[in-house]
Chemist: 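Dumping the structure here so I can ask a few things about it.
Predicted, not measured: the structure shown is a model, and the values here were computed from it. So that the names make sense, note that chain A is the first sequence line, chain B the second, and so on, each numbered from 1.
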2 protein chains.
Amino acid sequence: MNTTDYIREKGLKATPVRLKALELLQSGARAWSHTELEAGFSKVDRITLYRVLKDFEEAGMVHKIIDMDGVTRFAVCKHSCPHSTHSEDHVHFNCRKCHKMFCMDNVHIAPIQLPAGFTQIGVNTLIHGICDACN
Amino acid sequence: MNTTDYIREKGLKATPVRLKALELLQSGARAWSHTELEAGFSKVDRITLYRVLKDFEEAGMVHKIIDMDGVTRFAVCKHSCPHSTHSEDHVHFNCRKCHKMFCMDNVHIAPIQLPAGFTQIGVNTLIHGICDACN
DNA sequence: ATATTAAACGCAACACAATTGCATTTAGTT
DNA sequence: AACTAAATGCAATTGTGTTGCGTTTAATAT
Ligand SMILES: [Mn+2]
Ligand SMILES: [Mn+2]
Ligand SMILES: [Zn+2]
Ligand SMILES: [Zn+2]
């Protein structure tokens with residue numbers, strides 16, 4: 001399915017900012033910060049971009065992750081992600097050199113045993129190290 | 001060892017703000033945000049508090065964690081934590097109800113197998129759910 | 001006890017991320 | 001082509017964290 005139809009299918013209008021933002025998010029196979037995305041446009045209103053990212057997130061098109069530096073990042077949801085059942089439990093990798101963040105969908109994490117009284121809803125595993133490109 | 005001596009042992013002057021901040025951090029067995037700590041004082045300069053927290057962190061007295069909402073939090077280091085070998089790899093638990101964060105030093109996490117090319121330096125595991133008090 | 005001084009403090013200013021309100025424009029529809 | 005709800009662009013505001021600088025103070029030396 002093309003970008004325009006995908007946005008429309010999610011109940012959103014296919015506007016220029018949304019099309020470009022989605023194309024950027026779908027490229028590079030990584031999680032993008034607002035600043036990185038903004039730099040990918042020749043010209044964009046940063047408030048509009050904030051709202052587009054929020055719209056995408058609410059539509060279940062992207063998920064938000066806070067990286068090791070506290071920077072908010074967005075990555076496309078690879079499997080179909082209805083907002084309710086949206087699982088963000090996959091591992092994220094943050095490179096100490098280039099500071100890029102990657103979603104590691106194929107990395108398996110073992111279930112965690114919590115102390116009595118604590119109930120788990122979800123888990124965010126954030127690994128930091130050196131990525132393949134920087135190695 | 002008392003609070004004053006502990007601060008001095010780390011090479012810092014035992015000032016009123018530092019004493020109070022450390023007492024707050026040592027109480028409650030959880031990770032405190034700047035805002036929460038500030039509220040624990042009857043009167044404190046917020047810039048001074050930022051600097052005290054930075055000093056504590058650099059001295060290896062506390063470690064910094066970003067919680068599920070992107071809020072920066074500080075928790076006392078339970079075992080002796082020289083800054084160089086300081087391990088922050090223990091699990092953190094963030095409550096969806098009260099938004100408090102806890103360090104789970106006794107929770108074991110299995111080692112993670114990364115794809116070829118990626119080298120791991122450390123890992124931050126952040127579980128979200130409902131804490132014992134809220135359950 | 002008093003003097004000394006490097007460290008810590010308090011305040012103003014600044015930088016940056018993110019949100020809200022509102023008037024204008026536009027995508028999708030009739 | 002006309003309509004309208006949604007999206008945009010801009011200004012203003014909030015929140016978090018940092019930096020510079022003059023003043024005060026904790027720890028030390030006399
Ligand atoms: Mn991801
Ligand atoms: Mn901790
Ligand atoms: Zn890298
Ligand atoms: Zn709770």
Side-chain angles (χ1 to χ4, degrees), chain A residues 1-25 31-59 61-74 99 101, chain B residues 1-25 31-59 61-74 99 101:
Chain A
M1 191 192 297
N2 70 43
T3 324
T4 302
D5 289 345
Y6 179 55
I7 292 172
R8 287 191 183 138
E9 194 194 70
K10 295 293 180 176
L12 301 172
K13 290 186 182 177
T15 66
V17 181
R18 285 187 179 151
L19 288 166
K20 179 71 180 172
L22 184 55
E23 278 160 26
L24 287 170
L25 286 161
W32 296 71
S33 70
H34 179 275
T35 313
E36 285 171 351
L37 287 168
E38 205 179 344
F41 285 79
S42 54
K43 181 172 174 287
V44 72
D45 183 73
R46 55 183 208 93
I47 287 93
T48 301
L49 186 53
Y50 275 119
R51 285 195 269 233
V52 161
L53 292 170
K54 199 181 181 184
D55 295 337
F56 283 1
E57 198 201 355
E58 284 168 2
M61 296 162 65
V62 301
H63 60 278
K64 176 154 71 171
I65 330 112
I66 314 275
D67 81 5
M68 63 177 186
D69 302 309
V71 177
T72 303
R73 292 179 172 274
F74 298 87
H99 284 202
M101 176 186 264
Chain B
M1 192 192 295
N2 68 44
T3 324
T4 302
D5 289 345
Y6 179 56
I7 291 173
R8 287 189 184 140
E9 192 195 71
K10 295 293 180 175
L12 301 171
K13 288 186 183 177
T15 66
V17 181
R18 286 187 179 149
L19 287 166
K20 180 71 181 172
L22 184 55
E23 277 159 27
L24 287 169
L25 285 162
W32 296 69
S33 70
H34 178 275
T35 313
E36 286 171 349
L37 287 167
E38 207 179 343
F41 284 79
S42 53
K43 180 172 174 286
V44 71
D45 182 72
R46 62 182 200 95
I47 288 95
T48 301
L49 186 52
Y50 275 119
R51 285 196 270 233
V52 162
L53 292 170
K54 199 180 181 186
D55 296 337
F56 282 1
E57 199 201 355
E58 283 168 3
M61 296 163 65
V62 301
H63 60 278
K64 175 155 71 173
I65 331 112
I66 314 269
D67 81 5
M68 63 178 186
D69 303 308
V71 176
T72 302
R73 292 179 172 275
F74 298 88
H99 284 217
M101 177 186 263

Chemist: A:L49 CG to D:dA7 P: how many Å, rounded?
Modeler: 15 Å
Chemist: With a 4.5 Å limit on heavy-atom distance, are the side chains of A:M61 and A:I7 in contact?
Modeler: yes
Chemist: Determine whether B:M1 and B:E9 make a side-chain contact, defined as any pair of heavy atoms from C-beta on separated by less than 4.5 Å.
Modeler: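 Yes, side chains in contact.
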Chemist: Would you mind reading off the distance between A:L53 atom CG and D:dT8 atom P, rounded to a whole angstrom?
Modeler: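 For the pair A:L53 CG and D:dT8 P, the rounded distance is 11 Å.
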Chemist: If you take the centroid of each ring, where Trp contributes its six-membered ring, are A:F74 and A:H63 closer together than 6.0 Å?
Modeler: no
Chemist: Give the rounded distance in Å between these two atoms: NZ of B:K13 and C1' of C:dC9.
Modeler: 11 Å
Chemist: Closest-nucleotide mapping onto DNA chain D: is B:T4 or A:D45 further toward the 5' terminus? I mean the 5' end.
Modeler: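 Nearest-nucleotide comparison on DNA chain D picks A:D45.
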Chemist: Side-chain N or O of B:R18 versus OP1/OP2 of C:dA8: is the shortest distance under 4.0 Å?
Modeler: yes
Chemist: Within this structure, what is the OH-to-C1' distance between A:Y50 and C:dC16, rounded to whole angstrom?
Modeler: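 Spelled out: OH on A:Y50 to C1' on C:dC16 is 8 Å.
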Chemist: Starting from the 5' end of DNA chain C, give me the residue, B:L12 or A:R46, whose nearest nucleotide shows up first.
Modeler: B:L12
Chemist: Regarding A:V17, tell me which of base, sugar-phosphate or nothing describes its non-hydrogen contacts under 4.0 Å with the strands shown.
Modeler: sugar-phosphate
Chemist: Whether B:K10 and B:D55 form a salt bridge (side-chain N of Lys/Arg under 4.0 Å from carboxylate O of Asp/Glu) is what I want to check.
Modeler: no
Chemist: Starting from P on C:dA17, measure out to CD1 on B:I66 and report it in whole angstrom.
Modeler: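 B:I66 atom CD1 is separated from C:dA17 atom P by 14 Å.
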Chemist: Tell me whether the side-chain N/O atoms of B:T15 come closer than 4.0 Å to OP1 or OP2 in C:dC9.
Modeler: yes
Chemist: Using whole Å, report how far CD of A:E57 lies from P of C:dA18.
Modeler: 12 Å
Chemist: Output the rounded distance in Å from CD (B:E38) to P (D:dG15).
Modeler: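 Rounded to whole Å, this separation is 12 Å.
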Chemist: Out of A:D45, A:L22, A:T48, which residue meets the side chain to side chain contact (heavy atoms under 4.5 Å, CB included) rule with A:V17?
Modeler: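 Among A:D45, A:L22, A:T48, the one that satisfies the side chain to side chain contact (heavy atoms under 4.5 Å, CB included) with A:V17 is A:T48.
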Chemist: Could you state the atom-to-atom distance from CD1 of A:I7 to C1' of C:dG28 in whole Å?
Modeler: 14 Å
Chemist: Nearest to the side chain of B:T35, which nucleotide is it out of C:dC11, C:dT19, D:dT16?
Modeler: D:dT16
Chemist: Considering only side-chain heavy atoms of A:T72, which listed nucleotide, C:dA18, D:dA7, C:dA13, is closest?
Modeler: C:dA18
Chemist: On DNA chain C, check which nucleotide each of A:H34 and A:R51 is closest to and give me the residue with the more 5' one.
Modeler: A:H34
Chemist: Which residue, B:P16 or B:K54, contacts DNA chain D at a nucleotide closer to its 5' end, judged by nearest heavy atom?
Modeler: B:K54
Chemist: C:dT26, D:dA11, D:dT8: which one has an atom nearest the side-chain heavy atoms of A:I47?
Modeler: D:dA11
